[in-house]
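So that the names make sense, note that chain A is the first sequence line, chain B the second, and so on, each numbered from 1.
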Amino acid sequence: MVPRYEPRRVEAKWQKLWEEQGLFDASEDRNRPKYYVLEMFPYPSGRIHMGHVRNYTIGDVVARYKRMQGFNVLHPMGWDAFGMPAENAALAHGLPPAKWTYDNIDYMRGQLQALGYSYDWPRELATCDPAYYRWEQLVFIEMFKRGLAYRRKAPVNWCPKCQTVLANEQVEDGGCWRCDSPVFLKELDQWFFKITAYAEELLSDLDQLTHWPERVLTMQRNWIGKSLGAEILFPLAEGVEPIKVFTTRQDTLWGATFMSLAPEHPLALELAQGTPQEPEVRAFVEYWSAQNRSRGVLEEISKEGVFTGRYCVNPVTGWQMPIYVANFVLMEYGTGAVMAVPAHDQRDFDFAQKYNLPIKVVIQPPGQELQAETLSGAYEDEGFLVESGAFSGQASAPAREAIALFLEEKGLGRRAVQFRLRDWLISRQRYWGAPIPIIYCEKCGLVPVPEKDLPVVLPLEVQITGIGGSPLAQLASFRETTCPACGGPGRREADTMDTFVDSSWYFLRFACPDYQGGVLDPGRVNYWLPVDQYIGGIEHAVLHLLYARFFTKVLRDLGLARLDEPFARLLTQGMVLKDSAKMAKSKGNVVDPDDLIQKYGTDTTRLFLLFAAPPEKDLEWSDQGVAGCHRFLHRLWNLVQDLLPDLQRLKPYQGAGTELSPELTEFRRKVHRTIKKVTDDIEDSFHFNTAIAAVMELVNAFYLAVESLPRDEVTQRVFREALEAILLLVSPMVPHIAEELWQALGHTASLQLAPWPRPQAEALEESAITLVVQVNGKVRSRLVVAASATEEELKDWALKDKGVEKWLQGQTVKRVVVARGRLVNIVT
RNA sequence: GCCUGGGUGGCGGAAUAGGUAGACGCAAGGGACUUAAAAUCCCUCGGGGUUUAUCCCCGUGCCGGUUCGAGUCCGGCCCCAGGCACCA
């Protein structure tokens with residue numbers, strides 16, 4: 001009785017056995033090369049979705065493949081468990097966030113196990129566990145002591161009705177997402193991490209990340225946004241503090257005709273004081289300071305400004321420059337003041353036209369002569385300086401350098417670097433997060449919680465109301481404490497940390513999740529890190545990956561780890577689409593992994609996700625495609641079952657001894673070519689789709705061979721060799737069916753620990769090849785020739801071939817090009 | 001506007017290094033088996049043409065170039081996706 005392929009039975013059986021044997025639990029081993037493969041851990045939202053399945057399947061194939069290649073593989077999984085959805089669920093269903101979260105984790109862990117991922121489960125961690133966040137709190141304190149964590153006022157979104165701060169994502173069309181009342185920007189004290197202190201290194205170390213996708217690198221470069229330029233001082237008429245400006249175009253300094261200040265600039269009101277323009281300036285500043293000038297809004301706003309009634313001096317031309325307050329100048333970038341060069345900056349040009357300000361051309365494009373009077377827009381490109389004193393005639397680039405030096409010598413300014421990157425605001429007025437371990441004392445100020453008192457445990461017995469801010473702020477038992485410094489009364493910080501902090505170092509803790517002696521166990525962390533292969537969605541290209549890189553560098557500088565960059569290789573996998581749209585409940589195009597496992601099993605699900613597209617591309621879901629993959633597994637199963645009675649007791653052919661027939665040699669060559677192809681596809685690019693296609697081809701060829709070849713013992717042994725190769729090759733992708741069939745062949749040791757197959761050089765050798773014969777680049781004939789043929793022979797045979805005869809009639813052969821092993825091209 | 005990808009059959013996608021375009025799979029059409037269906041297996045499957053064959057022409061977003069030979073390299077353009085954007 002031949003057993004039928006019953007995926008659910010097979011999969012449950014092996015999942016249990018692998019788990020019992022602890023096959024995937026890693027420990028340090030200096031005798032083997034280590035390999036740390038990690039997928040971005042999930043938020044426990046309730047259920048695993050298809051995007052997770054794709055992500056984790058890719059990671060699992062890598063983990064299993066590397067294990068078979070002899071690497072000591074670390075492949076852990078955990079939970080990014082703090083965050084707002086837990087609070088929302090608490091509001092909606094009255095469940096405590098902790099219970100909701102842990103219930104979800106339990107359910108989703110079961111799903112991951114049913115998908116058969118080879119995780120090192122004993123290392124599992126959840127960021128909401130005090131055993132995890134106590135170390136995060138310790139890192140915070142160390143950062144606080146070094147000035148890398150600090151507190152200052154910052155504008156935040158505030159809903160006056162709910163009395164709470166809103167995340168940017170919770171502001172919809174300028175209103176509160178829950179009560180729809182207008183949201184205000186409010187200045188509140190917030191905690192920051194000084195990521196700007198690492199801006200230069202975060203930028204330059206991107207050059208080391210040669211195995212990251214180019215687009216992620218450019219996105220990070222853009223985000224950090226380094227600009228080289230100069231700071232220039234523009235004296236005010238009365239000998240007070242000059243106005244400081246940052247520019248990248250000091251080569252246009254001689255064309256600066258007026259000055260623009262941001263509405264928030266402290267000088268804006270100060271300068272206007274006592275001038276006839278004062279009321280107007282005051283109104284303008286008040287209006288624009290209250291406006292939300294964040295993205296989207298700005299595009300529709302036209303450039304506006306008001307004259308302050310005062311002038312500053314262009315330090316090189318001596319011109320009196322009227323000082324304006326302008327709505328397009330950002331206080332957050334540079335110095336909040338801009339030298340306006342209308343001839344060479346479009347914004348300044350628009351502004352100058354509107355308010356009738358002078359335009360002066362100081363850069364001429366090569367071979368042209370621009371006139372200020374006839375200019376229809378700013379000339380922003382480089383060129384040659386004119387009317388720029390001693391620098392006239394120079395090209396823009398060298399002039400910038402020379403002018404910067406000149407300014408430094410004269411004390412008028414200095415070379416300067418600006419970054420777009422801002423410090424990371426990490427405090428959240430939220431409940432479900434890691435408490436910030438700080439105590440406020442009237443006498444001592446901000447006092448960090450002593451290390452022996454950590455963790456500051458998040459109280460679980462709280463009422464989530466959604467109004468009045470974080471419940472922690474109202475909880476006297478949490479807030480009221482004593483000052484660790486003076487013993488007087490103190491109040492705990494009620495803010496919690498951004499969940500991005502939790503995910504900025506979990507990959508380090510996975511090396512030593514049970515370590516009690518500190519944040520990280522140096523021996524284990526330095527053994528396992530860096531992550532050799534990190535896999536996740538492109539949506540984390542900037543935030544998570546930048547924060548994680550920053551944290552790694554901070555931990556390095558705290559002496560806790562010896563590495564500069566956390567992720568050696570990065571794979572950003574594409575989205576799973578259905579009907580050309582991302583799967584989402586709201587669109588009703590979701591396919592639930594549970595249903596699929598129920599119907600086809602996890603091996604089919606995994607196979608489809610790997611086969612339908614290369615991992616970095618978006619994947620269009622296809623129910624029929626899934627069925628096709630299921631068919632293939634059936635074909636494989638039936639092939640083994642058919643052959644089993646004959647070759648169960650045979651040894652695989654190993655390439656020596658008996659001479660093989662040409663047909664059998666050809667078949668065996670196909671086997672070894674497939675081994676090579678699959679290995680190369682996985683090794684070079686993780687292109688599992690083409691690897692699977694190659695195995696499908698081999699299985700097709702196998703069916704033909706079974707039909708056509710005589711079933712003598714040598715053939716059976718070659719078949720056995722082929723079957724074993726196929727099972728080894730597919731085992732990382734469809735591990736359960738592969739293991740089941742492996743054992744059916746009589747193996748007692750697990751396939752999981754079997755070595756990856758290698759192609760045999762002799763088996764790959766070809767005695768004959770198909771030679772393509774072209775005439776003037778068009779294929780006219782094909783010849784089967786000996787692979788060992790010389791160029792002269794190939795040329796000869798091609799010219800004599802009947803198929804090309806008629807194309808050469810009446811033509812003179814001018815040239816014959818021979819590409820050995822491929823083709824001959826006859827040129828007439 | 002700037003940056004990064006990408007445009008190949010009805011669809012997902014293949015094509016080492018410039019050397020047979022369309023592997024593999026899906027869908028579609030035809031056939032075998034069957035009382036029937038499912039399942040399975042076999043054949044056809046870019047477009048056009050004719051003398052129907054080891055046939056010819058066209059064809060990888062568009063235009064041009066390099067080359068014996070271009071999906072692949074170079075120049076110019078069009079379109080799509082994603083990211084950044086009054087960043088001085």
* Residue matched to U72(B) through Watson-Crick or wobble contacts both under 3.5 angstrom -> none
* **Under-3.5 Å donor-acceptor pair between K814(A) side chain and C68(B) base** => no
* Selection from G13(B), A88(B), C41(B) that lies nearest to any side-chain heavy atom of K617(A) -> G13(B)
* To do: Look at the side chain of R782(A) against the base of U20(B) and say whether a donor-acceptor pair falls under 3.5 Å; ignore hydrogens and angles.
  => yes
* Check every atom of A88(B), A21(B), C26(B) against the side chain of Y333(A) and return the nucleotide holding the closest atom. => A88(B)
* Asked: If the C1' atom of A81(B) is compared with that of C26(B), how far apart are they to the nearest Å?
  -> 24 Å
* Base partner of A27(B), which must satisfy Watson-Crick or wobble distances under 3.5 Å -> none
* Would R669(A) and E765(A) pass as an ion pair if we require N to O under 4.0 Å? -> no
* Look at the side chain of N825(A) and the base of C68(B), then say whether one donor and one acceptor between them are separated by less than 3.5 Å. => yes
* Asked: Is there a Watson-Crick or G-U wobble partner for C87(B) with both distances under 3.5 Å, and which nucleotide is it?
  -> none
* Asked: Salt bridge or not for K226(A) and E200(A), using N-O below 4.0 Å?
  -> yes
* Structure fact -> Of G19(B), C84(B), A15(B), the nucleotide closest to the side chain of V817(A) is G19(B)
* So does R815(A) get a side-chain nitrogen or oxygen closer than 4.0 Å to the phosphate oxygens (OP1/OP2) of C68(B)? -> yes
* To do: Name the pairing partner of G5(B), where a pair is Watson-Crick or G-U wobble with both distances under 3.5 Å, or state none.
  => C80(B)
* Flag the pair F667(A) / F702(A) as yes when their ring centroid distance falls below 6.0 Å, and as no otherwise. => yes
* Indicate whether OP1 or OP2 belonging to C87(B) is found under 4.0 Å from a side-chain N or O atom of R422(A). => no
* A36(B) pairs with, by Watson-Crick or G-U criteria that keep both distances under 3.5 Å -> none
* To do: Using the P atom as the reference point in each nucleotide, state the distance between U16(B) and G22(B) in Å, no decimals.
  => 13 Å
* Asked: What heavy-atom pair brings W254(A) and V362(A) nearest, and what distance separates the two atoms?
  -> C-CG1, 3.6 Å
* Structure fact -> Per the glycosidic torsion and the 90° limit around 0, nucleotide G30(B) is anti
